[in-house]
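What follows is one structure encoded as structure tokens, with my remarks underneath.
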Amino acid sequence: DLHSFPTRRSSDLWIKVKNPIGDLTIHIKGMHCNNCQSSVIKKLNALDGVSAKVNLDKGTAKISFERNISDDEIKQAISSAGFEVIKIDR
């Protein structure tokens, strides 16, 4: 099961996707702690029309989106948090 980071900001951002057109799972290399999880959630949620939940144990993020989003956009957000995308399951 996916765990959302228990902060008001993450909760508020999760609600912003009211009419999702899809979701996907991102496999991420390098997340080891709650701070890692928080960084990834923050960067993904900063993308317009995206909401993220991160499973630290599985090393994955699940995002819902209300606009088309490219793999490059996702990879850039994860990279800016200091992590590497292994693969994206659409």
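Quick caveat: nothing in here was measured; it's all calculated off a predicted structure.
Between the S39 side chain and the N35 main chain, a donor and an acceptor come within less than 3.5 Å of each other.
Smallest separation of non-hydrogen atoms from I41 and A52: CG2-O, 4.4 Å. Across every non-hydrogen atom of P20 and S64, the tightest pair is CB-CB, 4.3 Å. Counting all heavy atoms, side chain and backbone alike, N55 lies closest to M31 at O-CE, 4.4 Å. The minimum heavy-atom distance between S51 and V17, with the atom names listed, is OG-CG2, 3.2 Å.
Looking at I63 and I74, their side chains come closer than 4.5 Å, going by heavy atoms from C-beta outward. You'll find the side chain of I26 stays beyond 4.5 Å of the side chain of T60, heavy atoms only. With a 4.5 Å cut-off on side-chain heavy atoms, L47 and F65 do not count as touching. You'll find the side chain of I28 stays beyond 4.5 Å of the side chain of V54, heavy atoms only.
Atoms CD and CG, on E73 and L44 in that order, are 10.5 Å from each other to the nearest 0.5 Å. Taken to the nearest 0.5 Å, the NZ atom of K75 stands 14.5 Å off from the OG atom of S80. Here the CD atom belonging to E66 is positioned 6.5 Å from the CG atom belonging to N19, to the nearest 0.5 angstrom.
Residues meeting the side-chain hydrogen bond (donor to acceptor under 3.5 Å, both in side chains) test with Q76, sequence neighbours left out: none.
Residue pairs satisfying the salt bridge (charged side-chain N to carboxylate O under 4.0 Å, His left out) criterion with at least one member in residues 27-41, sequence neighbours excluded, are absent.
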Below 3.5 Å, can you tabulate the donor-acceptor pairs from side chains in residues 82-90 to any protein atom, sequence neighbours excluded?
residue, atom, partner, partner atom, Å
D89, OD2, H27, NE2, 2.7
R90, NE, D71, OD1, 3.0
R90, NH2, I69, O, 2.7
R90, NH2, D71, OD1, 2.8

